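A quick write-up on the structure given underneath.
The shown structure was predicted, so the numbers you read here are calculated from the model rather than taken from an experiment. First listed ligand is number 1; within each ligand, the first listed atom is number 1. Heads up: numbering here begins at 1 and tracks the sequence.
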Amino acid sequence: MTNEMLEKISLPRHIGVIMDGNGRWAKQQGLKRSEGHKAGAKVFRTICDYAAELGIECMTFYAFSTENWKRPADEVSAIMNLFRDYLSEAKEREEENKAKGMRIRYIGDRAALPEDIVNMIDLLESRSADKHSITINLAVNYGGRDELLHAVKEIAKKVEAGELKSDDISLKDIDGNLYTAGLPDPDLIIRPSGEYRLSNFLIWQAAYSEFWFSDILWPDFTTDDLDKAIIDYSNRNRRFGGV
Ligand code: IPE
Ligand code: IPE
Ligand code: MG
């Protein structure tokens, strides 16, 4: 995007991306599904860097859902290995990422993830938490319903402990107990691959999000496509129920 264009538009603060279509892309190319995920992971890196350049505050990438465990074990382990590769690379590039002002955060239920991955996430999160201009949120073993269930349990614990009255439970209590606590709601949600659904992605936070759908398969997604989505978003009239 040119600087001239960038000045004209209003940038979304938070963009959610459902990185879908890796398997179909691989099939098209006559490759194994895991090769599609590998190609998708490469595109994820490119889009992260580009979003940081544009000055986006927060990007959430949906990489693996709570429902994706249904897939064949070899596919699941290939995806986990790609996640591992990314985390260890991010650790190696700590200084570079810090210079870019990149903060890496995880959202989802970490309890079901392999221990070494959880340790890497903890380390990265604690080290990149200070000064930042972009937050990269990685949604792995993430499900919007699971997230809400987790929030409800946290709130119920406070009620049980007598710290909160049920009548006083507020929207803030719910927001504050989501994995995304402290982040703005997504202004724009991008779903490539020709599917028109959320598939359990940020279901609470998406109440007033703008959606951008496309037939492009994620491994074919380019920085130009991100530009297109942002420009379309910028031309939308968001009313939030008002006039
Ligand atoms: C998205 O691509 C990656 C994950 C859900 C882990 P898919 O693997 O869902 O690709 P398609 O939808 O089968 O093409
Ligand atoms: C959504 O894609 C999850 C991710 C991209 C991580 P799916 O491929 O799992 O979604 P469905 O099954 O088509 O709804
Ligand atoms: Mg899919």
Is it true that E195 and R191 have a side-chain N and a carboxylate O under 4.0 angstrom from each other?
no
N68 side-chain N/O to S65 backbone N/O, donor-acceptor pair under 3.5 Å:
yes
Heavy atom under 4.0 Å from ligand 2: found in R191's side chain, backbone, both, or neither?
side chain
Does R93 come within less than 4.0 Å of E89, counting only side-chain N to carboxylate O?
yes
In chain order, what residues pass the side-chain contact (heavy atoms from CB on, under 4.5 Å) check against A39, with sequence neighbours excluded?
W25, P219
Is it the case that the side chain of H14 and the backbone of C58 share a donor-acceptor pair, with hydrogens and angles ignored and the cut-off at 3.5 Å?
no
Among pairs that include at least one residue of residues 201-215, which meet salt bridge (charged side-chain N to carboxylate O under 4.0 Å, His left out), considering only residues two or more places apart or in two chains?
E210-R236, E210-R238
For the Mg ion (ligand 3): protein N/O/S atoms at distances below 2.8 Å:
1
Within a distance under 4.0 Å of any heavy atom of R197, pick out the atoms of ligand 2 and give their elements.
11 (P), 13 (O), 14 (O)
Could you tell me whether a side-chain N or O of Y142 sits under 3.5 Å from a main-chain N or O of L202, the two making a donor and an acceptor?
yes
Tell me whether Y62 contacts the main-chain N or O of G16 through its side chain, where contact means a donor paired with an acceptor under 3.5 Å.
no
Does CD belonging to E115 count more than 12 external heavy atoms closer than 6.0 Å?
no
Please tell me whether W218 and F44 form a close aromatic pair, meaning their ring centres lie under 6.0 Å apart.
no
List, ordered by chain and residue number, the protein residues whose closest non-hydrogen atom lies under 4.0 Å from any atom of ligand 1.
M19, D20, G21, N22, G23, R24, R33, H37, A63, N68, R71, E75, I79
